[in-house]
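One structure below.
From a predicted model like this one, the values you see are computed outputs, not experimental measurements. Residue numbering restarts at 1 for every chain, and letters A, B, ... go by the order of the sequence lines.
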2 protein chains.
Amino acid sequence: MRLTTKGRFAVTAMIDLGMRHQRGPVTLAGISERQRISLSYLEQLFGRLRRQGIVDSVRGPGGGYTLAQSMLDISVADIIRAVDEPIDATQCGGLGNCHDDRECMTHDLWMSLNSRIYDYLDSVNLDELVTTQLAKQAEEVAHGQAQGHKHDTRRVVGSADITPGLMHKSGQAHKTVVNG
Amino acid sequence: MRLTTKGRFAVTAMIDLGMRHQRGPVTLAGISERQRISLSYLEQLFGRLRRQGIVDSVRGPGGGYTLAQSMLDISVADIIRAVDEPIDATQCGGLGNCHDDRECMTHDLWMSLNSRIYDYLDSVNLDELVTTQLAKQAEEVAHGQAQGHKHDTRRVVGSADITPGLMHKSGQAHKTVVNG
DNA sequence: TGAATAGTTGACCAAATTAATCGGGATTAG
DNA sequence: CTAATCCCGATTAATTTGGTCAACTATTCA
């Protein structure tokens with residue numbers, strides 16, 4: 001698992017897409033402008049998301065990107081996995097050719113934590129994030145703060161508490177790559 | 001929040017330290033050899049951990065590093081925060097000088113997810129990780145596999161289930177190996 | 001039909017940032 | 001004093017980030 005700005009941009013872009021996919025394909029140019037992410041970088045990210053079957057592309061005028069799956073089925077981990085290829089946490093490449101058991105320990109230590117982080121991020125899906133964001137925007141409009149609103153940094157972190165409820169995608173294990 | 005090899009090394013090193021801190025200061029040279037992390041890199045990492053008050057250092061012969069806090073009080077998030085300085089998720093630097101509300105939205109989108117990841121990693125403490133690791137080693141010794149044991153890749157991830165009690169999760173760990 | 005247009009695709013490249021190493025100092029026990 | 005150890009600034013290596021450009025594809029419209 002890796003969490004970098006790349007994953008952050010991908011998740012942000014996917015939320016933007018999720019928020020307006022009902023109205024037809026969403027262009028990268030639109031996401032680029034709304035989220036201030038460079039268009040060329042988005043192209044790169046969505047290329048991967050498309051190859052992973054998370055989004056579909058529609059070419060030509062009126063085209064853009066659409067979701068290839070239900071928002072309930074797209075987890076944050078799916079998005080991050082798609083754009084940020086996994087690091088090899090082992091020194092021995094998971095092939096078991098360690099000199100002794102020490103490298104395996106290094107490997108185990110991180111992997112067990114790693115899998116927990118994945119478990120967690122697999123439990124957060126796009127639908128939830130989009131719902132949260134729409135609710136937040138509705139709230140702003142209700143308070144007449146839609147224009148020129150400066151966000152209050154003291155509230156930012158706590159803002160996740162609007163969230164309806166966490167879902168667990170049980171059973172549906174992530175695409176597992178078993179070494180060897 | 002960022003999760004990179006740097007954070008991984010730091011967590012691994014801290015577990016190593018946690019496993020033997022009772023016997024006095026632990027040298028970086030020892031951690032370096034056991035965990036196969038370069039000494040100079042460890043020095044850099046522990047410099048930060050020390051400045052964050054997570055470890056204490058003892059200079060001179062017989063010196064090394066000790067824990068500055070109870071293992072129960074050191075969370076994975078603390079460790080990662082110490083070595084991987086946080087990215088600035090905002091375009092406007094969190095200063096609220098955005099042109100309109102769009103950048104704030106970008107900011108919010110990520111921050112609410114970010115805070116959840118932190119919440120989660122804050123819930124996993126070093127004591128828990130060390131206990132898990134010690135239990136695993138004890139088990140290996142009991143099976144007479146202490147020497148030359150090659151780890152079984154199929155069990156790597158599931159091995160977290162020895163863990164005493166996970167707060168967040170409904171312990172259904174899937175058998176995932178995040179590819180090496 | 002076919003040209004213009006809106007849009008994606010993918011390869012390549014450069015700047016910026018991070019990761020990791022290196023070389024030399026400090027500090028202290030014995 | 002000297003060896004074991006931490007400490008730290010500078011440097012190099014690797015990766016990430018983001019940009020440019022030249023196809024390619026589908027739609028629209030004349």
task: Using atom CG of L42(A) as one end and atom P of dG19(D) as the other, report the distance to the nearest whole Å.
output: 10 Å
query: In chain order, what residues pass the salt bridge (charged side-chain N to carboxylate O under 4.0 Å, His left out) check against R48(B), with sequence neighbours excluded?
result: E85(B)
Atom pair distance, as rounded to whole Å: CZ in R2(A) and C1' in dA14(D): 12 Å
Of all pairs that satisfy ring-ring contact (aromatic ring centres under 6.0 Å, His included), the ones with a partner from residues 29-48 of chain A, not counting sequence neighbours: F9(A)-Y41(A), F46(A)-Y65(A)
task: Write down the distance between CZ (F9(A)) and C1' (dT16(D)), rounded to a whole number of angstrom.
output: 11 Å
Results of salt bridge (charged side-chain N to carboxylate O under 4.0 Å, His left out) for D122(B) - residues two or more places apart only: R81(B)
- prompt: Rounded to whole angstroms, how far apart are OH on Y41(A) and P on dT17(C)?
  reply: 13 Å
field: Of the listed nucleotides dG19(D), dA19(C), dT21(C), the one nearest the side chain of S38(A)
entry: dG19(D)
Grab the N/O contacts between the protein and nucleotides 4-12 of chain D below 3.5 Å, and write none if there aren't any.
residue	atom	partner	partner atom	Å
dC6(D)	OP1	L28(B)	N	3.2
dC6(D)	O3'	S57(B)	OG	3.4
dC7(D)	OP1	R50(B)	NE	3.2
dC7(D)	OP1	S57(B)	OG	2.5
dC7(D)	OP2	R50(B)	NE	3.1
dC7(D)	OP2	Y65(B)	OH	2.4
dC7(D)	O4'	R59(B)	NH2	3.2
dC7(D)	N4	E43(B)	OE1	3.2
dC7(D)	N4	E43(B)	OE2	3.0
dC8(D)	OP2	R50(B)	NH2	2.9
dC8(D)	N4	E43(B)	OE1	3.2

query: For the pair made of CG in L45(B) and C1' in dT18(C), what is the distance, rounded to whole Å?
result: 12 Å
- request: Give, for atom CG of L42(A) and atom CG of L28(A), the distance between the pair rounded to the nearest 0.5 Å.
  value: 5.5 Å
- line: By side chain to side chain contact (heavy atoms under 4.5 Å, CB included), V58(B) pairs with (sequence neighbours left out) P25(B)
message: Show me the pairs that pass ring-ring contact (aromatic ring centres under 6.0 Å, His included) and involve residues 12-37 of chain A, at least two apart or across chains.
response: none
field: Stepwise salt bridge (charged side-chain N to carboxylate O under 4.0 Å, His left out) test for R50(B) and E43(B)
entry: CA-CA 10 Å; R50(B) 181 177 50 83; E43(B) 287 174 344; over 6 Å; no
- prompt: What is the distance, rounded to the nearest whole Å, between atom CZ of R48(A) and atom C1' of dT9(C)?
  reply: 14 Å
- prompt: To the nearest angstrom, how far is D84(B) atom CG from dA20(C) atom C1'?
  reply: 13 Å
query: Using a cut-off of less than 4.0 Å, is there contact between a side-chain N or O of K6(A) and OP1 or OP2 of dT16(D)?
result: no
message: Just N and O in the side chain of T5(B): are any of them under 4.0 Å from OP1 or OP2 of dA20(C)?
response: yes
message: Could you tell me how far apart L17(A) (CG) and dG7(C) (P) are, to the nearest whole angstrom?
response: 15 Å
